[in-house]
Trainee: 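Handing you this structure, nothing more for now.
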Amino acid sequence: MQATSAKAVLGSPAIALDAEPRRERKFAPVALPNLAWTPEVARETAHLYEKVKAIIPPIEWPFHAPYVKAINELKKQRNAVILAHNYQTPEIYNCVADVVGDSLQLARIAEQSEADVIVQGGVHFMAETSKILSPEKTVLIPDSKAGCSLAASITGEDVRALKRKYPGVPVVAYVNTSAEVKAEVDICCTSSNAVKIVESLGVDTVIMVPDRFLAANIARQTRVKIIAWHGACEVHERFTPEELQAYREAEPGIELIAHPECPPEVVDVCDFSGSTAAMIDYVKTRRPKKVLLVTECSMADNVAAETPGVEFIRPCNLCPHMKRITLPKILDSLVYMREEVVIDPALAARARRSVERMIAVK
Ligand code: 13P
Ligand code: SF4
């Protein structure tokens with residue numbers, strides 16, 4: 001069963017009217033902004049270019065700047081916020097996002113924000129989590145095909161089968177899952193709170209879905225026995241200990257820091273492992289001379305913009321799903337109010353229990 005659906009989009013991008021007949025009508029149609037590179041655009045976006053000039057060459061800025069200006073103006077008109085994950089590209093992360101963070105930080109903000117509209121700079125499960133936590137808000141995903149190999153690896157029926165196989169064993173779901181899966185489990189977790197969540201249940205065995213590598217990495221930090229599912233992140237599973245050892249030998253003094261979606265043998269050769277927010281914090285506070293972020297490519301760009309003097313060695317892997325989100329698609333989202341995340345209210349209420357239970361664990 002598909003838990004959510006992006007609404008059909010009607011109308012040509014050249015006609016800045018929302019052709020949807022129902023809920024979107026509460027949002028006034030807006031004209032498609034002028035996207036020319038003019039002296040006025042250059043002047044009004046100069047302070048934003050300052051933030052990214054170390055990573056975006058001057059020749060590229062005239063392509064981004066008109067979108068940046070238009071998106072920032074339209075956000076005010078729509079009372080919208082853009083919640084962007086740490087893997088979003090630098091022009092999104094630094095120039096149009098209102099909040100940036102890891103999955104847990106974005107979920108907390110989605111719950112607290114007073115905006116009418118959330119535009120998710122991230123993948124579909126993140127937009128679903130925002131909708132689950134803020135059902136009264138309009139949540140938009142600029143490209144509904146922005147999926148995730150972890151979320152795609154398990155269905156609600158898979159979780160029901162696990163519960164039949166292991167009766168009474170609580171199920172912890174990584175937030176990288178669909179609303180349908182969240183509705184079936186006892187509690188959610190993210191990479192930043194997984195150990196705490198597993199131990200909060202007060203049992204000796206839990207089922208943890210869907211990431212087998214995150215489960216293996218967490219199992220090494222707790223006495224709780226973990227039964228894992230077989231999913232993996234297509235970005236992090238590709239790193240190998242051999243390639244990282246080769247960087248250690250070639251780059252004396254380098255610090256390697258990995259996301260816990262990497263295989264345990266990769267984490268073993270690294271100096272630190274943590275959520276994307278914890279990785280950023282590590283670089284900002286410790287200021288290593290040379291660092292390799294064993295994760296998605298845009299993270300290094302985004303941290304580099306804020307940490308001059310740190311040299312980033314970059315054998316990163318791209319997440320094709322995260323990269324579906326672009327400035328032109330974000331602008332389209334705000335002009336046409338698409339693509340709206342819709343979740344069946346009864347299913348969303350069940351999913352919300354698992355997410356809120358996670359948020360309540362301090
Ligand atoms: P965190 O940002 O929560 O560490 O998760 C990473 C991730 O899987 C995003 O795709
Ligand atoms: Fe999913 Fe991995 Fe991409 Fe994150 S980086 S969205 S876990 S495929």
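Atom set for the values below is all heavy atoms of this structure, side chains included, hydrogens, waters and symmetry mates excluded. Along the sequence shown, residues are numbered consecutively beginning with 1. Just follow the structure's listing: the first ligand is 1, and inside any ligand the first atom is 1.
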Trainee: Which ligand 2 atoms does C233 reach within 4.0 Å, using its non-hydrogen atoms?
Mentor: 2 (Fe), 5 (S), 7 (S), 8 (S)
Trainee: With heavy atoms of Y87 as the reference, note each atom of ligand 2 found under 4.0 Å away.
Mentor: 5 (S)
Trainee: Determine, for K76 against E73, whether the closest basic-nitrogen to carboxylate-oxygen distance falls under 4.0 angstrom.
Mentor: no
Trainee: For ligand 2, is there an atom lying under 4.0 Å from some heavy atom of E261?
Mentor: yes
Trainee: Quick one: which ligand 2 atoms are inside 4.0 Å of a heavy atom on S149?
Mentor: 8 (S)
Trainee: Ion pair present between K182 and E128, side-chain N to carboxylate O less than 4.0 angstrom?
Mentor: no
Trainee: Going by the atom numbers of ligand 2, which of them fall below 4.0 Å from some non-hydrogen atom of N176?
Mentor: 7 (S)
Trainee: Suppose I only count heavy atoms of L150 and a 4.0 Å limit; which atoms of ligand 2 are within that range?
Mentor: 7 (S)
Trainee: Are E157 and R160 within salt-bridge range, i.e. N to O under 4.0 Å?
Mentor: yes
Trainee: Does the pair E296 and H259 meet the rule for a side-chain hydrogen bond (donor to acceptor under 3.5 Å, both in side chains), with working shown?
Mentor: CA-CA 9 Å; E296 210 275 340; H259 193 275; over 6 Å; no
Trainee: Restricting to N/O/S atoms, is C148 within less than 2.8 Å of atom 1 (Fe) of ligand 2 or not?
Mentor: yes
Trainee: Are I280 and V267 in one and the same hydrophobic cluster, where Ile, Leu, Val, Met, Phe, Trp and Tyr link if side-chain heavy atoms are under 4.5 Å apart?
Mentor: no
Trainee: Write down, by chain and number, every protein residue that brings a non-hydrogen atom to less than 4.0 Å from an atom of ligand 1.
Mentor: H85, Y87, D102, S103, M126, Y174, N176, S191, H259, E261, S275, T276, M322
Trainee: Evaluate the criterion side chain to side chain contact (heavy atoms under 4.5 Å, CB included) for residue pair F272 and E255; output intermediate values, then yes/no.
Mentor: CA-CA 8 Å; F272 175 77; E255 295 188 32; over 6 Å; no
Trainee: Any link between V195 and I207 through a network of hydrophobic side chains (Ile, Leu, Val, Met, Phe, Trp, Tyr) touching at under 4.5 Å?
Mentor: no
Trainee: Check whether any N, O or S atom of C319 sits under 2.8 Å from atom 3 (Fe) of ligand 2.
Mentor: yes
Trainee: Verify whether one side chain among S144 and H124 offers a donor that lies under 3.5 Å from an acceptor in the other.
Mentor: no
Trainee: Below 4.0 angstrom, N of the basic side chain to O of the carboxylate: do E265 and R220 qualify?
Mentor: no
Trainee: Above 12 or not: heavy atoms from other molecules or residues under 6.0 Å from CD of Q112?
Mentor: yes
Trainee: Between atom 2 (Fe) of ligand 2 and H236, is there an N, O or S atom separated by less than 2.8 Å?
Mentor: no
